[in-house]
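What follows is a single structure, written as structure tokens, with notes after it.
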Amino acid sequence: MSPVKHTDGMLKPGTFDGKTVVITGGGTGLGRSVGHYLLTLGANLVICGRRQQVIEKAAAELAQETGGKVLGQACDVRQPDQVEALLSAAFERFGAVDCLLNNAAGNFICPTERLSYNAVNTVVDIVLKGTYNCTLALGKRWIADRRAGSVLSIGTTYAWTGSGYVLPSAMGKGGVLIMTRSLAAEWGKYGIRLNVIAPGPFPTEGAWSRLMPPGLDGMFASEKRIPLGRLGEHQELANLAAYLLSEYSAYITGTCVTIDGGEWLRGAGEFNALEEVTSEQWDALQAAMKPKK
Ligand code: HXC
Ligand code: NAP
């Protein structure tokens, strides 16, 4: 039996001692789970979201659960002045910022021809503009202060395959991937690293309430869609995020790590649908199709 479980924390205690990490959208879902784990590894944490009450409550709970230091501040990442105010508060409280997790997002399913211009703008602005607002604001400070830094953005696997019914999110996430690769090439000389995680399905209230159509959730049955046959656990994503933000990944930049149990490849491979064929059907098919010696 393996001495480790996939739901165990992976990194050494103290990995983030003295480091300050900003997580956008850190009051809920995956951002909150990553924040919790980083606090247990010694980080100071800054979280933001649009809803002040949600952020204040999450900050208080995270500090209480871990004994760590958490600054929670309402901030709409689409607004550069609010992003600057968030960073100023972070620098004032903790002296510096070392890492950024671009996690805030907006998304919902909708046939594209039914989307209003405002609906498209809203999602693209949160996902893409929010990500580059935060990245540029912090990057400029790091370059001016001659400080190294690590940026991680939460992407999606449809950033490169595309996907119907979530067009604005797909366009935004595709842009985040290209921003990451572009800046990894340009800002390596400043000691700034940028990477992306592309998760498959990890249950959160925010995603499930907007993306899993009531009554149609059978379409997304994990045992049918995911080669590894299950949904992701938050600690698995937190482990990967912590690694990519930490010094352990000091030679990794401009990459996108997929953590989806093989889901996107299962959908991409032309013949993977043959998974549905039973052993008896294979017997009959091979008897009919395999050349006889
Ligand atoms: C069609 C919709 C819609 C829907 C909103 N709109 N929801 N159109 N179908 N389901 C339209 C509205 O009518 C409006 O256009 C415009 O979008 C803006 O909507 P508002 O409600 O005014 O905006 P706001 O309150 O700012 O809410 C933003 C939001 C919302 C993106 C629409 O869903 C949100 O707050 N999301 C944040 C969290 C989130 O999305 N989490 C999930 C991330 S999961 P009009 O023209 O009427 O003004 C994810 C993972 C994907 O990204 C991969 C999973 C495997
Ligand atoms: P979530 O809980 O809804 O997280 C989204 C967060 O973003 C919320 O805390 C929300 O808070 C914040 N946010 C939205 N708009 C914002 C804005 N303009 N400014 C600041 N904060 C904003 O959903 P999640 O599932 O954890 O998603 C987290 C990340 O993982 C997203 O990038 C998502 O695309 C990605 N992802 C998730 C999955 C999955 O299966 N869960 C799969 C692939 C990728 P407010 O509403 O208070 O602003």
Side-chain angles (χ1 to χ4, degrees), residues 22-36 46-59 72-80 82-83 85-86 101-131 133-134 152-159 161 163 165-174 176-177 196-214 217 219-220 222 225-226 231-234 236-238 240-241 256-261 263-264 267:
V22 174
I23 302 184
T24 66
T28 65
L30 293 175
R32 184 190 166 125
S33 296
V34 176
H36 185 282
V46 180
I47 56 172
C48 78
R50 292 164 301 174
R51 293 166 296 167
Q52 182 151 1
Q53 272 189 327
V54 171
I55 276 299
E56 275 176 9
K57 186 164 178 284
Q73 182 163 314
C75 164
D76 185 332
V77 292
R78 292 170 291 187
Q79 306 299 333
Q82 293 186 30
V83 171
L86 176 75
L101 179 63
N102 288 309
N103 165 81
N107 201 0
F108 50 79
I109 47 166
C110 185
T112 300
E113 65 277 16
R114 295 184 183 212
L115 288 168
S116 67
Y117 290 107
N118 187 40
V120 177
N121 286 339
T122 300
V123 172
V124 174
D125 282 357
I126 299 171
V127 174
L128 181 55
K129 199 182 278 188
T131 299
N133 281 343
C134 295
L152 181 64
S153 300
I154 308 292
T156 55
T157 55
Y158 56 68
T161 62
S163 175
Y165 305 97
V166 286
L167 179 79
S169 171
M171 292 192 296
K173 296 288 192 183
V176 168
L177 189 56
V196 172
I197 289 178
F202 285 74
T204 65
E205 205 277 320
W208 259 230
S209 64
R210 294 173 174 92
L211 298 165
M212 292 296 162
D217 42 352
M219 281 180 185
F220 297 93
S222 50
R225 295 175 49 81
I226 304 174
L231 301 169
E233 299 272 358
H234 285 210
E236 294 178 283
L237 189 135
L240 180 59
C256 173
V257 181
T258 302
I259 177 166
D260 75 339
E263 183 191 39
W264 87 268

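We're numbering straight along the sequence, starting at 1. Atoms within each ligand, like the ligands themselves, are counted from 1 in listed order.
- I154 and P199 get closest at one heavy-atom pair: CG2-CG, 3.7 Å.
- The single protein non-hydrogen atom nearest to atom 14 (C) of ligand 1 is N118 ND2, 3.8 Å, given as residue, atom name and distance.
- Among all non-hydrogen protein atoms, the one lying nearest atom 44 (S) of ligand 1 is A207 CB, 3.6 Å.
- Closest to atom 37 (C) of ligand 1 among all protein heavy atoms lies A105 O, 3.3 Å.
- For G261 against I226, the heavy-atom pair with the smallest separation is O-CG2, 3.4 Å.
- Taking a 4.0 Å cut-off on heavy atoms, A74 fails to register as neighbouring ligand 2.
- The shortest contact between atom 9 (O) of ligand 2 and any protein heavy atom is with T28 OG1, 2.7 Å.
- Of all the heavy atoms of W208, the ones lying under 4.0 Å from any atom of ligand 2 belong exclusively to the side chain.
- Under the 3.5 Å distance criterion, the side-chain polar atoms of T24 are matched with a main-chain donor or acceptor of A104.
- F108 CE1, 3.5 Å is the protein heavy atom nearest to atom 1 (C) of ligand 1.
- Applying the 4.0 Å criterion to heavy atoms of C75 picks out, from ligand 2, the atoms 19 (N), 20 (C).
- The shortest non-hydrogen separation linking G49 to I55 is N-CG1, 3.4 Å.
- Looking at V123, L231, N107 and measuring to atom 49 (C) of ligand 1, the nearest heavy atom belongs to N107.
- The protein atom (non-hydrogen) at minimum distance from atom 18 (N) of ligand 2 is D76 OD1, 2.8 Å.
- When only interatomic distances are considered, the shortest N/O to N/O separation between R210 and ligand 2 does not fall below 3.5 Å.
- When each atom of ligand 2 is checked for a heavy atom of P199 under 4.0 Å away, the hits are 42 (C), 43 (C), 44 (C).
- Distance check for atom 20 (P) of ligand 1: every protein heavy atom is found at 4.0 Å or beyond.
- Using a 4.0 Å cut-off between heavy atoms, Y158 contacts ligand 1 through its side chain alone, with no backbone atom that close.
- Put simply, atom 1 (P) of ligand 2 has protein non-hydrogen atoms near it, under 4.0 Å away.
- On a distance-only criterion, T156 and ligand 2 share no N/O pair closer than 3.5 Å.
- Of all the heavy atoms of L211, the ones lying under 4.0 Å from any atom of ligand 1 belong exclusively to the side chain.
- For atom 10 (N) of ligand 1, the nearest protein heavy atom is under 4.0 Å away.
- Residue S33 places no heavy atom under 4.0 Å from ligand 2.
- We find the CG-OG1 distance between L30 and T204 to be 5.5 Å, quoted to the nearest 0.5 Å.
- Atom 31 (C) of ligand 2 has its nearest heavy-atom neighbour, among N103, V54, V77, in N103.
- S163 and A170 get closest at one heavy-atom pair: N-CB, 4.3 Å.
- The CD1 atom of I126 lies 12.0 Å from the CG atom of N133; values are rounded to the nearest 0.5 Å.
- Side-chain atoms of N118 never come within 3.5 Å of backbone atoms of T122 as a donor-acceptor pair (strictly under, hydrogens ignored).
- In this structure, the protein non-hydrogen atom closest to atom 23 (O) of ligand 2 is T204 OG1, 3.8 Å.
- A105 O, 3.9 Å is the protein heavy atom nearest to atom 5 (C) of ligand 2.
- For atom 3 (O) of ligand 2, the closest non-hydrogen atom of the protein is G206 CA, 3.4 Å.
- Within the structure, the closest approach of R114 to ligand 1 does not fall below 4.0 Å when heavy atoms are considered.
- Looking at E205, K173, Q82, R50 and measuring to atom 15 (N) of ligand 2, the nearest heavy atom belongs to R50.
- The protein non-hydrogen atom at the shortest distance from atom 18 (C) of ligand 1 is T122 OG1, 3.4 Å.
- Residue P201 has at least one heavy-atom neighbour below 4.0 Å for each of these atoms of ligand 2: 40 (O).
- Looking only at protein heavy atoms, the nearest one to atom 31 (C) of ligand 1 is G106 CA, 3.7 Å.
- Protein heavy atom at the shortest distance from atom 11 (O) of ligand 2 is R51 NH2, 3.8 Å.
- Numbered from 1 in the order shown, with element, the atoms of ligand 2 that lie under 4.0 Å from a heavy atom of R78 read 18 (N).
- The protein non-hydrogen atom at the shortest distance from atom 30 (O) of ligand 2 is I154 CG2, 3.2 Å.
- Atoms CG and OG1, on L177 and T131 in that order, are 11.5 Å from each other to the nearest 0.5 Å.
- Both the backbone and the side chain of A119 come within contact range of ligand 1, each with a heavy atom under 4.0 Å.
- Within the listing of ligand 2, atoms 26 (O), 30 (O), 37 (C), 41 (N) sit less than 4.0 angstrom from a heavy atom of L30.
- Between V123 and S169, the closest heavy-atom pair is CG1-N, 3.6 Å.
- The protein atom (non-hydrogen) at minimum distance from atom 33 (O) of ligand 1 is R210 NE, 2.8 Å.
- Any N or O atom pair closer than 3.5 Å counts here, and A104 shares no such pair with ligand 2.
- Protein heavy atom nearest atom 44 (C) of ligand 2, with residue, atom name and distance: G155 O, 3.2 Å.
- A distance of 12.5 Å separates CD1 in I23 from SG in C134, rounded to the nearest 0.5 Å.
- The backbone N or O of G25 lies less than 3.5 Å from a partner atom in the side chain of N103, making a donor-acceptor pair.
- Checked by atom type and distance alone, the side chain of Q82 never pairs as donor or acceptor with a backbone atom of Q79 at under 3.5 Å.
- Between H234 and P203, the closest heavy-atom pair is NE2-O, 2.8 Å.
- Considering only non-hydrogen protein atoms, atom 25 (O) of ligand 1 sits nearest to R50 NH1, 4.5 Å.
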Walk me through it: do S153 and N102 pass the test side-chain hydrogen bond (donor to acceptor under 3.5 Å, both in side chains)?
CA-CA 4 Å; S153 300; N102 288 309; 3.2 Å; yes
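- For atom 45 (P) of ligand 1, the nearest non-hydrogen atom from the set A170, P203, S116, P111 comes from S116.
- The I126 neighbourhood of ligand 2 comprises atoms 15 (N), 16 (C), 18 (N), with distances under 4.0 Å to a heavy atom of that residue.
- For ligand 2, the polar-atom distance check against F202 finds a nitrogen or oxygen pair separated by under 3.5 Å.
- Close contacts of ligand 2 with G200, meaning ligand atoms under 4.0 Å from a residue heavy atom, involve 40 (O), 42 (C).
- Close approach to A207 involves these atoms of ligand 2, each under 4.0 Å from a residue heavy atom: 25 (O), 41 (N).
- Rounded to the nearest 0.5 Å, atoms CZ (R114) and OH (Y165) are 10.0 Å apart.
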